[in-house]
Amino acid sequence: MTLTTKRYKLSYPLLAQGVKVVYTTDALEAEKWLKYNVIDCPTQVSAVGFDIEWKPQFVSKKYGGTENETAVVQLAVENSCLVLHVYYMDRLPKSLKLVLRDKDILKVGSDIQKDGSKLKRDLGLVLEGLADIQLMAKKIDPSMRKTGLKALAQTFLGIELNKKTAKSNWEKYPLTFTQIEYAALDAWIGLKIFQEMKRHPKNYEEIKFINEEGRKSRFWLFVMFIFFSYILFCVIVRPRT
């Protein structure tokens, strides 16, 4: 299959107009986006919007239906979105695996724990450093009943999302512009809701805790690396001297 890369700009809603979108099945193009917008970004990126899509399951498991595999992975930063059609990719970008595992870069989304579990089942990708905007909404207002992305976008951003495209065929190749725009917007809107929510004191403390835990984890991994390197040096190198 020929590798595909298309570039667009979001046209809706007004808040998102001009945000760049890269849709691709090319691992190299994905690497470029991830390095430029996240890993090597001059302004340190502490959070990215995240979402996944898969072909709807129209027959329930009760009647023998099976859930389809993850077809699309989306990431978003302030001014750009990456829509990866992983269903048609021969290999996944190394940078994607690094970003998803990096606890210092929060992956922000609606009910994101479920997405993380599915991503691990389907693609073997590990998602760490999660910020669930549904849980954050409940901290702000425990009486809040509707906490899906559509409801949160309306509550915190005053934006009415059209979710009809969610039930489209995400295994179609290539995706239509409507699908690409929908996928990019879902990840981007999640990030914007998060930015609005984190101004609340309770959520600020939780995010601070997640970031501190990530830094502690990296520190102890480094300590363990130094320790075991020293042990190997003593066992292998020193006897020869």
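Values reported hereafter were calculated over all heavy atoms of this structure, with side chains retained and with hydrogens, waters and symmetry mates removed.
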- May I have the step-by-step check of side chain to side chain donor-acceptor pair (under 3.5 Å) for Thr4 and Tyr173, ending in yes or no? CA-CA 10 Å; Thr4 298; Tyr173 180 83; 2.3 Å; yes
- Task: Could you walk me through whether Tyr182 and Lys163 pass side chain to side chain donor-acceptor pair (under 3.5 Å), step by step?
- Result: CA-CA 8 Å; Tyr182 172 91; Lys163 302 294 288 181; 3.0 Å; yes
- Message: Thr24 vs Asp26, test: side chain to side chain donor-acceptor pair (under 3.5 Å). Steps then yes/no.
- Response: CA-CA 5 Å; Thr24 190; Asp26 188 342; 5.2 Å; no
- Applying salt bridge (Lys or Arg N to Asp or Glu O under 4.0 Å), run through Lys192 and Glu78 and close with a yes or a no. CA-CA 8 Å; Lys192 299 306 289 184; Glu78 188 68 27; 2.7 Å; yes
- Item | Verdict with supporting geometry, Lys107 and Glu128, salt bridge (Lys or Arg N to Asp or Glu O under 4.0 Å) | CA-CA 8 Å; Lys107 271 62 69 177; Glu128 296 184 339; over 6 Å; no
- Test log, rule salt bridge (Lys or Arg N to Asp or Glu O under 4.0 Å), inputs Glu69 and Arg121: CA-CA 9 Å; Glu69 290 188 3; Arg121 289 196 307 271; over 6 Å; no
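Here the shortest heavy-atom pairing between Asn68 and Trp54 reads O-CD1, 3.8 Å. Shortest non-hydrogen contact noted between Thr2 and Thr25 is O-OG1, 4.4 Å. Between Pro174 and Lys6, the shortest heavy-atom distance links the atoms CG-NZ, 3.8 Å. Of all non-hydrogen atoms in Lys35 and Ser95, the two that sit nearest each other are CE-OG, 3.6 Å. The two residues Gly116 and Leu127 come nearest to each other via the heavy atoms CA-CD2, 3.6 Å. Ala30 and Leu84 make their closest contact through CB-CD2, 3.5 Å (heavy atoms, listed as atom of the first residue, atom of the second, distance).
Residues Leu119 and Asp115 have side chains not in contact (no heavy-atom distance under 4.5 Å, counting atoms from C-beta outward). Two residues are said to be in side-chain contact when any heavy atoms from C-beta on lie closer than 4.5 Å; Leu149 and Ile193 meet this criterion. At a threshold of 4.5 Å between non-hydrogen side-chain atoms, the residues Phe156 and Ile133 do not count as touching. Residues Val38 and Val77 meet the side-chain proximity criterion, which asks for heavy atoms closer than 4.5 Å. Using a 4.5 Å heavy-atom cutoff, the side chains of Cys41 and Tyr36 are not in contact. In this structure, Leu96 and Leu125 have side chains that are in contact, with non-hydrogen atoms separated by less than 4.5 Å. Contact check for Ile189 versus Leu157: side-chain heavy atoms found under the 4.5 Å cut-off.
In the hydrophobic cluster analysis, where Ile, Leu, Val, Met, Phe, Trp and Tyr join through side-chain heavy atoms closer than 4.5 angstrom, Val73 is grouped apart from Leu3. Residues Met144 and Phe194 share a single hydrophobic cluster, defined by chaining ILVMFWY side chains whose heavy atoms lie under 4.5 Å apart. Hydrophobic clustering places Val48 together with Ile39 (ILVMFWY residues linked when any side-chain heavy atoms are closer than 4.5 Å, directly or through intermediates).
Take Tyr63 and apply the side-chain contact (heavy atoms from CB on, under 4.5 Å) test, not counting sequence neighbours, and it matches Val59, Ser60. Applying the side-chain contact (heavy atoms from CB on, under 4.5 Å) criterion to Lys138, with sequence neighbours excluded, gives Thr147. Annotation: side-chain contact (heavy atoms from CB on, under 4.5 Å) contacts of Asp132 (sequence neighbours excluded): Asp111, Ile112, Gln113, Gln134, Leu135. Evaluation of the side-chain hydrogen bond (donor to acceptor under 3.5 Å, both in side chains) rule for Ser168 yields Gln179 as partners, not counting sequence neighbours. In terms of the side-chain hydrogen bond (donor to acceptor under 3.5 Å, both in side chains) criterion, Lys32 has no residue partners (sequence neighbours excluded). Every residue two or more places apart in sequence or in another chain that forms a side-chain contact (heavy atoms from CB on, under 4.5 Å) with Arg7 is listed here: Thr5, Val22, Glu29.
With Glu67 as the partner, the side chain to side chain donor-acceptor pair (under 3.5 Å) test is satisfied by one option alone out of Lys118, Gln57, Lys55: Lys118. Tested against Trp188, the residues Leu15, Leu75, Val21 include a single side chain to side chain contact (heavy atoms under 4.5 Å, CB included) partner, Leu15.
Leu123 contributes atom CG, which lies 10.5 Å from atom CE of Met89 (distance to the nearest 0.5 angstrom). Going from atom CG of Leu10 over to atom SG of Cys81 covers 5.5 Å, rounded to the nearest 0.5 Å.
Looking only at atom types and distance, the side chain of Ser11 has no donor-acceptor partner in the side chain of Gln17 under 3.5 Å away.
At distances below 3.5 Å, not a single donor-acceptor pair connects side-chain atoms of Lys146 with backbone N or O atoms of Ala151. Listed for the His85 side chain is a donor-acceptor partner under 3.5 Å among the backbone atoms of Trp170. With Asp102 contributing its side chain and Leu98 its backbone, the two residues share no donor-acceptor pair below 3.5 Å.
When ring centroids are compared, Tyr8 and Tyr23 stay outside the 6.0 Å threshold.
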